[in-house]
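Let me begin by presenting the structure, written as structure tokens, before commenting on it.
A note on names: the letters A, B, ... follow the listed sequences, proteins ahead of strands, and every chain is numbered from 1.
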Amino acid sequence: MTIRLSDEQRDLRDAVRVLADERIAPRAAAIDATGEFPWDVVELLAHHDILALPFPVEHGGLGGDLLSTCLAVEQVSRACATSGLIVAVQSLGSLPLLLAGTPEQQARWFPDLAAGRALAAFALTESEAGSDARAVRTTAHSDGDGWRIDGAKRFISQGNVARVVTVFAVTDPEPEAVRQHRHLTCFVVEQGAPGFSTARIEHKMGIRGSPTAELLFEGVSVPDANRVGEVGEGFAIAMRTLDRSRPGIAAQAVGIAQGALEASARYAANRRQFGRPIGEHQMITAMLADMASRTEAARQLLYAACVEVEAGSPAASRWSAMCKLVAGDTAMAVTTDAVQVFGGYGYITEYPVERMMRDAKITQLYEGTQQIQRLVIGRDVLEHGG
Amino acid sequence: MAGPTILALAEFAGGEPTRLSLELATLATELAAAADGHAVVACIGTFTAAGVAEVADYAPEVLAIEAETSGTVPAAAVIAAQLLAILDRTTADLVLVPASADGKDVAGIVAARRDLPVLVNAAGVSWSDDGLVVEMNAFGGRLITRSGFTSGGGIVIVRPGATTAHASGAIGRVETVTPAAPVEDRVRVIERLATAGAAVSIDDAQVVVAGGRGVAGADGFGVIEDLADAFGGAVAGTRAVVDAGWLSYAQQVGQTGKIIKPALYIAAGVSGAIQHKVGMQTSGTIVAINRDPDAPIVDFADLVIVGDLFEVVPRLAAAVRARRG
Amino acid sequence: MHIVVLVKAVPIVGNERLLDGQRVDRGSGLEANGNDEYVLETALKLTETHGGDVTLLTMGPAGAAEALRKGLAMGAARAVHVIDDAFGGSCARATAEVLAAALRTLTFDLVFAGADTSDGQGGTLAASIATRLDLPYLSYAGHVEPTADGAGVRIHRLSAVGHDVLEAPMPALVMGTQVLGEPRYPSLRGIMGARSKEIVTRSLADLGIDPSRVGADAATTRVLGVSPPPPRAGATVLRTDPDAAVAATIDFLAARGLV
């Protein structure tokens with residue numbers, strides 16, 4: 001199978017690239033230095049309909065497919081990983097509703113999400129439930145016509161700035177339910193709901209402009225109309241969400257790698273030592289070649305995975321895990337090499353590559369660590385003999 | 001009559017022929033002489049007796065047709081109507097039209113009315129064994145094309161610098177022609193506005209001094225203007241400085257501005273990006289003043305001064321003035 | 001207001017490719033002529049303010065559709081692509097005749113065209129088309145608006161000293177310049193909405209054009225030869241202090257008779 005972008009996809013990619021280069025790139029260093037959530041970038045992305053990409057046209061979205069959303073994430077991440085994440089998380093937080101929401105629920109929340117008037121977030125992870133989603137402890141108890149949610153979520157991207165948070169809570173703690181992965185249910189909790197608060201924001205190595213929140217649920221009441229999907233369907237919804245959101249993170253990683261590659265190529269063409277541009281010294285040339293080749297390989301795998309997942313392939317989970325695995329490792333390798341190409345200058349904050357290297361690391365950690373990705377892929381390899 | 005009749009259109013500003021029109025008069029005369037034909041210059045517009053007499057210094061035959069070009073009918077419509085009347089009574093094998101805004105409009109109107117072929121953007125016109133050869137710089141000078149008419153003649157729109165205007169040495173015969181009936185046009189000129197301090201035209205200036213982003217502000221253009229003044233030349237700029245409002249669009253050189261070919265083009269603080277390059281790369285001599293020795297303009301300049309333009313340009317202006325006395 | 005915008009697909013500036021060393025490749029690697037985008041932007045703004053819509057019209061090979069796609073993504077409602085193998089090699093006269101024929105099949109209040117094309121072929125097409133269609137012709141516009149009564153068009157025509165104000169009844173043909181204002185970036189909504197917009201093709205037969213009037217065989221002009229410009233000798237680079245540099249510059253210019 002070969003991937004050739006359609007004219008429309010190319011135009012979309014190019015339009016986002018121009019916007020990212022002209023309006024977002026100049027903000028990247030400051031966003032990292034101050035660690036402030038860039039509301040101006042949110043507004044820019046909203047204004048240019050980039051946040052509208054994954055939503056249905058009838059609710060003001062653009063009806064874009066997975067590849068289109070990933071093209072946008074990639075181009076924005078090239079300029080700024082925090083900004084690319086805004087696009088990815090808008091999709092991630094909304095996916096449970098896209099996959100399992102009722103028409104009423106979609107009509108209720110999608111218009112604001114598509115327009116960028118509201119941000120979304122996805123709350124599954126807890127302090128004791130990272131890779132192990134069976135260990136979720138946040139509970140949802142039936143309470144009259146609705147539910148009462150108690151517990152805490154950790155490491156939730158944009159958890160404190162999102163108006164619409166899709167939360168996964170235990171509705172059936174019985175061991176049998178846990179074993180069958182029917183112990184969780186998904187709910188929408190809206191910002192400002194009594195008992196719903198942010199306990200802290202983490203100080204991180206990278207993507208420093210993206211607030212990573214610990215969320216507290218202290219007797220938060222939600223109506224049953226906020227329940228997404230069936231009771232006990234939460235885990236399945238979460239897994240289907242990850243199949244579509246992991247490519248988004250892969251796109252962020254490919255974008256980070258591309259940005260680092262371009263910065264390195266420009267630097268190597270201009271920096272002169274021993275009488276010529278360092279890019280012409282073989283060891284540097286070789287590094288640039290490897291960086292470019294690996295980035296392209298990660299990109300092609302990402303695009304192929306998008307097409308497969310969108311087409312409903314039975315191997316969607318494997319494609320999704322593979323593209324995220326390869327892209328994350330590529331971003332880390334390429335940005336590390338980028339710092340190397342810059343030499344001493346690569347280590348100082350005046351040059352962008354140290355930030356890119358710090359940003360890249362997260363792509364090996366969230367939305368499933370590389371180890372989890374390998375488990376997913378390995379299981380599938382054994383099951384299918386290859 | 002053996003050879004071809006070559007008719008050149010002369011335009012007037014302030015009652016006098018434009019420099020480009022005199023170049024066309026010379027060109028028509030040269031082409032006619034080379035082919036044993038005869039050259040006629042049609043002066044159409046509002047002119048003084050001295051203005052027409054000047055044209056007669058450059059060509060053997062002059063037709064003077066007075067027509068109101070500053071009235072309520074657009075000049076091109078007025079001139080086109082008179083030119084059509086001339087073409088009805090004088091069979092011209094070749095019509096040379098100046099590459100001014102009005103000239104191009106006139107050519108378009110006449111070409112459609114008489115179903116004539118047109119060759120545009122001529123940088124040179126000459127004869128060969130194949131007949132008329134029109135040389136054009138295509139794609140901003142990346143290619144030089146030589147074209148001709150497949151049969152018979154047509155209209156050629158001629159750019160400044162296709163030839164050097166020079167007096168023929170004899171005084172041409174002037175015939176005053178009664179203008180054809182004034183043309184009505186549904187397009188009306190309501191008013192003509194002059195903006196304060198309009199600059200010297202860059203279209204046919206021999207020396208052009210251009211400033212780019214490196215000039216960093218409308219004030220910075222003072223040194224550019226001073227250098228242009230020292231040379232007696234014109235001030236131009238890149239798209240960036242026009243967008244920033246430091247210069248008017250009439251002074252923009254480049255892909256969406258003007259394509260010019262002065263004998264000397266001095267570019268101060270201009271990087272030389274392709275969109276600007278296509279506007280000036282066929283200039284006779286290109287001098288670049290830039291702090292960056294790796295700017296793209298270095299690849300196609302003749303002389304590069306690496307330095308601060310605010311240090312170099314004023315000194316150069318002083319040196320030029322001293323030299324010119 | 002219904003406005004038809006003429007769009008020419010030209011080789012991307014700086015990337016012009018030569019086929020067999022003689023002819024420029026006009027089949028691929030094309031973009032909309034720079035000035036056409038300015039007039040398109042003006043057309044879009046006018047219809048957004050006063051109602052109506054914009055139709056794009058282009059004549060060219062299949063690759064010309066690139067320029068149409070971007071115009072549709074910017075907000076034009078539909079496009080007409082005049083395409084026929086018989087048109088290949090047409091001269092300026094034939095091009096004007098074909099576009100005039102295409103315009104006769106459309107209803108409009110205004111036709112917009114850009115000034116001069118970056119491939120150096122323009123300059124007379126707009127005037128010729130207006131003349132063939134007997135439309136009022138207003139050129140070198142830096143500003144366009146409808147007249148107060150809405151029945152006419154008013155432009156600022158750039159002049160050497162400022163601008164002239166011109167008015168004419170509609171329908172009319174306006175040729176415009178960069179001064180009209182920066183074209184918008186196609187929005188994502190526009191890009192993804194473009195796929196549902198119609199591009200109608202028109203052939204020689206559709207327009208009722210006599211084949212003997214168009215194409216290479218009917219061309220009234222022909223290219224005799226093509227060559228690259230004489231190469232410039234490499235630059236002399238001066239890196240000395242300003243006074244020494246200026247002195248050397250004067251000598252350089254004097255040697256060339258420029259000062």
Side-chain angles (χ1 to χ4, degrees), chain B residues 74 101 104-105 107-109 111-113 117-121 130 133 136 138-139 141-150 154 157 186-195 198 201 249 255-256 263-264 274-275 278 282 285 298 300-307 311-312 315-316 319-320 323, chain C residues 13-14 16 24 34-35 91-93 96 118-121 123-128 131-132 136-140 158-169 178-179 219-229 232 235-239 242-243 245-247 249-250 252-253 256 258-259:
Chain B
K104 287 186 267 195
D105 282 347
I109 295 168
R113 278 274 159 75
V118 192
L119 285 169
V120 308
N121 279 324
D130 294 318
V133 176
M136 294 114 88
F139 304 102
R142 269 172 55 102
L143 272 187
I144 298 183
T145 60
R146 288 180 309 286
S147 302
F149 297 114
T150 45
I157 302 180
R186 290 156 295 177
V187 182
R188 290 186 326 120
V189 181
I190 307 295
E191 59 181 329
R192 293 182 165 79
L193 298 170
T195 42
S201 167
Y249 176 59
Q255 181 188 354
T256 50
L264 173 61
I274 184 72
Q275 289 83 1
V278 301
T282 57
T285 295
V298 172
F300 57 95
D302 298 299
L303 177 69
V304 176
I305 304 163
V306 180
E311 297 287 323
V312 174
R315 285 173 169 80
L316 184 57
V320 169
R323 179 101 182 172
Chain C
V13 172
E16 307 88 357
V24 174
N35 281 323
C91 62
R93 190 199 56 99
S118 61
D119 60 359
Q121 296 294 300
T124 60
L125 191 71
S128 289
T131 304
R132 285 174 184 275
Y137 172 62
L138 305 95
S139 60
Y140 298 97
L158 301 182
S159 71
V161 296
H163 68 261
D164 302 338
V165 179
L166 275 59
E167 278 185 13
Q178 171 197 312
V179 179
T220 56
T221 59
R222 62 193 168 135
V223 175
L224 301 168
V226 160
S227 54
R232 299 190 93 94
T236 305
V237 180
L238 301 172
R239 290 174 198 263
D243 288 311
V246 165
T249 301
I250 295 290
F252 179 93
L253 294 176
R256 292 178 172 220
L258 291 168
V259 73

Between R113(B) and chain C, which part of the residue has a heavy atom less than 4.5 Å away: side chain, backbone, both or neither? both
Residues V118(B), R93(C); criterion side chain to side chain contact (heavy atoms under 4.5 Å, CB included); working and verdict: CA-CA 7 Å; V118(B) 192; R93(C) 190 199 56 99; over 6 Å; no
Could you go step by step and tell me if R315(B) and D243(C) meet the side chain to side chain contact (heavy atoms under 4.5 Å, CB included) rule? CA-CA 7 Å; R315(B) 285 173 169 80; D243(C) 288 311; 3.0 Å; yes
Could you tell me which portion of L258(C) (side chain, backbone, both or neither) has an atom closer than 4.5 angstrom to a non-hydrogen atom of chain B? both
Applying side chain to side chain donor-acceptor pair (under 3.5 Å) to R256(C) and not counting sequence neighbours gives T285(B)
Considering only heavy atoms from C-beta outward, does the side chain of D164(C) approach that of E191(B) to under 4.5 Å? no
Atom CG in L303(B), atom OG1 in T236(C): separation rounded to 0.5 Å? 6.0 Å
Going by side-chain contact (heavy atoms from CB on, under 4.5 Å), name the residues that satisfy it together with R239(C), two or more places apart in sequence or in a different chain. P293(B), V306(B), V237(C)
When rounded to the nearest 0.5 Å, the distance separating CG of L316(B) from OG1 of T249(C) is 6.0 Å
Spacing of OH belonging to Y137(C) relative to CZ belonging to R186(B), to within rounding of 0.5 Å: 14.0 Å
Please round to the nearest 0.5 Å and tell me the distance separating atom CG of L119(B) and atom OG1 of T124(C). 10.0 Å
Side chain to side chain contact (heavy atoms under 4.5 Å, CB included) between T221(C) and T150(B), worked out: CA-CA 5 Å; T221(C) 59; T150(B) 45; 5.9 Å; no
